[in-house]
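So the structure is just underneath, and the comments pick up after that.
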Amino acid sequence: MIPAHGRRVARFGLWLALIALAAGGVRVAYVGLAKVGDDVCGMDLCGDAFFYSLQARVLGDGNGFENAFTGEPAADHPPLTALVATPAVWLPGDPVLPQRLTMGLVGTGAVVVIGLLGRTIAGDRAGLIAAGIAALYPNLWINDGLVMSESLTALGVATCLLLTYRLIRAPTVASAAWLGLALGLTILTRAEIALYLPFVVVPVLLWMADLDRRRSLGRIAVATGVTVAVLLPWTVYNTTRFERPVAVSTNDGLTLIGANCDATYYGSGLGLWYGPCVEDVEAEGDQSQTSAIYRQAGVDNITDDLDRLPVVVAVRVARVWGLYEPGGMATYSRGEGRELWASGLGSAFYYPLAVAAVAGVVVLRRRRTPVWPLVATAGMVTLTSAALYGLTRFRVPAEVSIVVLAGVAADAALRRWVDSRAAGTPARRAHDPEVAEG
């Protein structure tokens with residue numbers, strides 16, 4: 001006879017598998033209905049997706065991380081997204097559709113981990129509700145129809161959060177090492193996820209885990225050491241190819257100059273990124289050298305227009321949280337392959353979920369469940385947008401937390417409703433003097 005706990009786990013696993021199947025269906029349907037043929041930008045891929053797909057083709061041909069047009073060393077972005085998209089290149093025909101479906105599979109994996117995270121924090125039903133929300137949430141499945149890093153970011157952040165809560169409950173060396181491994185891999189997807197280390201890992205091990213100071217510092221050292229060990233092969237590889245150090249990517253210079261020029265400090269592009277800003281900067285050398293030149297030019301522009309910076313930063317942050325010209329953001333996001341209708345649907349889901357997430361924080365605090373790891377992702381997103389520029393897809397780390405917290409709030413509301421219904425039944429009234437008198 002199967003124990004009650006075993007039956008409950010099996011039941012949870014079955015429901016989670018069904019939700020994952022539905023999530024995969026949503027993503028395949030989006031790709032099949034909206035992503036066959038040219039994308040909304042008039043090409044088969046838009047924005048950074050063009051780079052990732054092309055880099056995967058170069059890798060598939062056995063040429064390493066090289067510029068597809070010049071053959072020179074390239075590290076435009078962290079390597080993991082292109083690596084994951086590479087196997088699709090080996091299939092017959094155009095690899096773009098298989099690459100999109102690959103990211104859909106990754107996004108489905110994120111739904112599963114979000115379900116496990118919700119279960120760890122607030123129980124089976126909360127986990128299933130969170131997974132169900134993630135399966136249907138447009139701001140997640142839109143990313144999964146693109147060949148970009150956000151799908152892997154959602155999976156990586158969800159995994160890091162899951163391992164963080166397990167670390168809080170069992171702060172062993174092994175738990176710290178597993179978290180460091182997941183974090184290192186996620187940084188190889190998006191470099192700014194390195195903020196997870198000071199924003200989440202350090203506070204958790206210093207103040208939330210049941211450890212003395214010496215062991216807390218030891219666990220921090222383990223998590224940090226494993227994270228660095230995961231990054232080290234890529235960083236060392238880059239030292240053999242470039243004149244200047246490249247830790248994760250050479251994209252920082254281009255990002256900085258494109259986000260700090262007249263076009264992004266004034267007018268309709270306020271707080272965004274504008275590629276032609278780079279045209280006024282003369283740069284020669286390999287990617288590490290040109291990135292350094294662009295970076296310095298961006299810093300110079302900031303210094304020259306320092307009085308404008310507070311307004312720009314405020315708008316960047318407001319944009320990433322959907323509080324400034326959401327319609328304009330939807331139009332801008334067409335350049336990344338996001339249809340206007342899809343962005344509008346994402347906004348329609350996002351605002352109610354954000355409110356529900358706040359309620360979820362209140363529920364967890366009342367239960368004395370640590371909320372900082374989930375809330376800290378919002379801080380990471382805010383700092384990233386303030387330093388770079390405001391963009392909906394930069395919100396992905398926080399979207400994971402928003403979905404989980406909304407699931408917690410929905411579960412709590414459902415529990416109260418069930419309890420109130422039970423309290424009002426005749427049988428309950430007959431056996432409960434206080435209810436009967438009321």
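Everything quoted here is computed from the prediction, not taken from an experiment.
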Working for side chain to side chain contact (heavy atoms under 4.5 Å, CB included), residues T159 and L185: CA-CA 11 Å; T159 302; L185 291 173; over 6 Å; no
Test side chain to side chain contact (heavy atoms under 4.5 Å, CB included) applied to Y52 and L146, step by step: CA-CA 10 Å; Y52 286 119; L146 311 176; over 6 Å; no
Distance-only polar pair, side chains of R166 and S175, donor-acceptor under 3.5 Å: no
L167 side, atom CG; C160 side, atom SG - distance, nearest 0.5 Å: 11.5 Å
Under 3.5 Å side-chain donor-acceptor pair for T392 and Y350: no
Exercise: do W321 and T382 side chains pair donor with acceptor under 3.5 Å: yes
Side chain to side chain contact (heavy atoms under 4.5 Å, CB included) evaluation trace for D252 with R295: CA-CA 7 Å; D252 57 322; R295 183 168 56 249; 2.6 Å; yes
Pair T255-Y389, side chain to side chain contact (heavy atoms under 4.5 Å, CB included): steps then yes or no: CA-CA 9 Å; T255 299; Y389 55 100; 3.8 Å; yes
Interatomic spacing from CE in M329 to CZ in R334 - rounded to 0.5 Å: 15.0 Å
Got a list of side-chain donor-acceptor pairs under 3.5 Å for residues 113-138, not counting sequence neighbours?
| residue | atom | partner | partner atom | Å |
| --- | --- | --- | --- | --- |
| R119 | NE | D124 | OD1 | 2.8 |
| T120 | OG1 | L116 | O | 2.9 |
| R125 | NE | D411 | OD1 | 2.6 |
| R125 | NH2 | D411 | OD1 | 3.3 |
| Y137 | OH | N139 | ND2 | 3.1 |
| Y137 | OH | E399 | OE1 | 2.6 |

Side chains of L383 and L195 in contact at under 4.5 Å (non-hydrogen atoms): yes
Interatomic distance, D210 atom CG to R215 atom CZ [nearest 0.5 angstrom]: 7.5 Å
Taking every non-hydrogen atom, the tightest pair across A56 and A82: CB-O, 3.6 Å
Distance under 6.0 Å and angle within 45° of ring axis: R316 vs F394: no
Distance in Å, L256 CG paired with S291 OG, rounded so as to fall on 0.5 Å steps: 9.0 Å
Crowding at OH, Y237 (>12 non-hydrogen neighbours, <6.0 Å): yes
T240 side, atom OG1; F242 side, atom CZ - distance, nearest 0.5 Å: 8.5 Å
Close side-chain approach of P373 and I168, heavy atoms under 4.5 Å: yes
Plane angle bin for Y30 and W341 - parallel if under 30°, tilted between 30 and 60°, otherwise perpendicular: perpendicular
Side-chain H-bond candidate by donor/acceptor type, E192 with T384, under 3.5 Å: no
CG-CD distance between L345 and E339, expressed to the nearest 0.5 angstrom: 11.0 Å
With a 3.5 Å cut-off and sequence neighbours excluded, list the donor-acceptor pairs that the side chains of residues 218-236 form with protein atoms.
| residue | atom | partner | partner atom | Å |
| --- | --- | --- | --- | --- |
| R219 | NE | P171 | O | 2.7 |
| R219 | NH2 | P171 | O | 3.4 |
| T224 | OG1 | I220 | O | 2.8 |
| T227 | OG1 | G180 | O | 3.2 |
| T227 | OG1 | A223 | O | 2.8 |
| W234 | NE1 | V248 | O | 2.7 |
| T235 | OG1 | L231 | O | 3.2 |
| T235 | OG1 | A247 | O | 2.8 |

The single option from N260, D305, N301 passing side chain to side chain donor-acceptor pair (under 3.5 Å) against Y265: N260
Salt bridge D39-K35, side-chain N to carboxylate O under 4.0 Å: yes
Positive for side chain to side chain donor-acceptor pair (under 3.5 Å) with Q287, one of D76, N238, N251: D76
Nearest heavy-atom neighbours spanning C46 and E336: CB-C, 3.6 Å
